[in-house]
Amino acid sequence: MAAEFTGQVVGAVFALAASALATPTKDTRIMRRDIAALHDQLSDLLARMAKGLRERPSTEVARAWREEAVDLRNASIGLGARLEDLKSHAKWSPRIDAEDVETLAREVGATSVMSARVLSIASDLAAAGSASSTPLPPEAVTPLADLMAMAADNISAED
């Protein structure tokens with residue numbers, strides 16, 4: 001009876017230890033949450049830009065979009081720095097799974113590309129509204145806005 005009990009206790013201890021090592025760390029969970037939040041913000045900005053483009057945005061609105069896109073791009077750069085920090089900690093922590101870090105690296109890379117593209121679009125729209133540039137041709141506005149709206153939907157998709 002005592003041997004069975006001891007065996008169950010030892011098994012439970014090993015199960016708890018294995019569970020603690022197998023679960024994602026707080027850092028990886030927070031990073032995954034922050035990546036998803038940044039995707040939502042990028043999608044929201046791009047959707048607002050698509051809607052606003054159809055209504056011919058003012059120069060002030062286009063500049064505000066650009067400033068917001070700069071902030072989102074900077075947040076993406078911050079995620080990259082956090083990932084590098086996580087990678088350096090992964091060498092010493094048995095709880096940080098190398099595959100999890102690789103997945104985060106792909107997500108951060110994709111987020112970086114998305115944020116740079118949204119910034120590029122916002123910058124182009126801000127420049128198009130300036131007095132020294134030629135405005136977008138009216139026949140290009142709707143297809144461009146449609147394409148931006150589809151990209152926003154794609155960014156916000158869970159896959």
Side-chain angles (χ1 to χ4, degrees), residues 20-159:
L21 290 174
T23 58
T25 64
K26 180 181 177 185
D27 292 335
T28 56
R29 284 192 315 268
I30 290 172
M31 187 160 213
R32 192 166 266 106
R33 182 200 66 204
D34 291 349
I35 291 169
L38 185 54
H39 284 189
D40 290 344
Q41 292 170 321
L42 288 165
S43 174
D44 178 61
L45 174 59
L46 198 54
R48 284 186 284 122
M49 287 170 30
K51 183 176 186 263
L53 183 60
R54 287 182 171 91
E55 300 165 0
R56 297 292 186 173
S58 67
T59 304
E60 295 78 27
V61 168
R63 285 186 185 142
W65 289 339
R66 185 186 179 289
E67 291 306 313
E68 187 175 348
V70 167
D71 291 342
L72 295 176
R73 191 266 332 260
N74 290 345
S76 174
I77 291 169
L79 284 174
R82 286 173 49 198
L83 176 67
E84 291 306 314
D85 189 46
L86 185 64
K87 283 180 180 179
S88 70
H89 286 88
K91 295 174 187 174
W92 308 106
S93 175
R95 289 197 58 214
I96 300 175
D97 182 31
E99 289 180 26
D100 203 18
V101 172
E102 277 304 310
T103 300
L104 286 172
R106 284 191 301 275
E107 292 175 14
V108 167
T111 303
S112 177
V113 169
M114 284 185 261
S115 67
R117 289 184 180 160
V118 170
L119 175 56
S120 177
I121 293 168
S123 296
D124 289 346
L125 291 176
S130 70
S132 64
S133 72
T134 55
L136 287 171
E139 59 275 0
V141 170
T142 298
L144 180 59
D146 290 344
L147 185 61
M148 290 167 55
M150 286 188 309
D153 290 342
N154 192 23
I155 290 172
S156 67
E158 291 298 320
D159 60 356

### Query
Step by step, would you call Ile121 with Val118 a side-chain contact (heavy atoms from CB on, under 4.5 Å)?
CA-CA 5 Å; Ile121 293 168; Val118 170; 5.6 Å; no

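- Evaluation of the salt bridge (charged side-chain N to carboxylate O under 4.0 Å, His left out) test over residues 76-85, restricted to residues two or more places apart or in two chains, returns Asp34-Arg82, Glu84-Lys87.
- Among residues two or more places apart in sequence or in another chain, the side-chain contact (heavy atoms from CB on, under 4.5 Å) test is passed with Ala75 by Leu38.
- In this structure, CD1 on Ile155 lies 9.5 Å from OG on Ser115, to the nearest 0.5 angstrom.
- Shown here for Leu53 and Trp65, the closest heavy-atom pair between the two residues is N-CH2, 4.0 Å.
- Taking CG of Leu119 as the reference point, atom CG of Asp71 lies at 10.0 Å (rounded to 0.5 Å).
- With sequence neighbours left out, Asp44 forms a side-chain hydrogen bond (donor to acceptor under 3.5 Å, both in side chains) with Arg48.
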Below 3.5 Å, can you tabulate the donor-acceptor pairs from side chains in residues 138-148 to any protein atom, sequence neighbours excluded?
{"unit_1": "Asp146", "atom_1": "OD1", "unit_2": "Arg54", "atom_2": "NH2", "d": "2.0"}

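- Arg66 pairs by the side-chain hydrogen bond (donor to acceptor under 3.5 Å, both in side chains) definition with Ser123, not counting sequence neighbours.
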### Task
Check step by step if side-chain contact (heavy atoms from CB on, under 4.5 Å) holds for Val108 and Ile35.
CA-CA 7 Å; Val108 167; Ile35 291 169; 3.7 Å; yes

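- Every salt bridge (Lys or Arg N to Asp or Glu O under 4.0 Å) that Glu55 has, sequence neighbours left out, goes to Lys51.
- Applying the side-chain hydrogen bond (donor to acceptor under 3.5 Å, both in side chains) test to Ser112 and every residue at least two apart in sequence or in another chain returns nothing.
- Residues forming a side-chain hydrogen bond (donor to acceptor under 3.5 Å, both in side chains) with Gln41 (at least two apart in sequence, or on another chain): none.
- Summarising the geometry of Ala152 relative to Ala47, their closest heavy-atom pair is CB-N, 3.7 Å, with the distance given to 0.1 Å.
- Residue Ala50 comes nearest to Ala149 through the heavy atom pair CB-N, 3.7 Å, listed as atom of the first residue, atom of the second, then distance.
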### Message
Under the criterion side-chain contact (heavy atoms from CB on, under 4.5 Å), I'd like the reasoning laid out for Arg32 against Thr103: C-alpha separation, chi angles, the key distance, then a yes or no.
### Response
CA-CA 10 Å; Arg32 192 166 266 106; Thr103 300; 3.8 Å; yes

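- Residue pairs meeting the salt bridge (charged side-chain N to carboxylate O under 4.0 Å, His left out) criterion with at least one member in residues 103-120: none, sequence neighbours excluded.
- Here the CG-OG1 distance, from Asp100 to Thr28, works out to 4.5 Å after rounding to the nearest 0.5 Å.
- By the side-chain contact (heavy atoms from CB on, under 4.5 Å) test, Asp153 is found to be paired with no residue, residues two or more places apart in sequence or in another chain being considered.
- If you take CG on Leu46 and OG on Ser156, they are separated by 10.0 Å, rounding to the nearest 0.5 Å.
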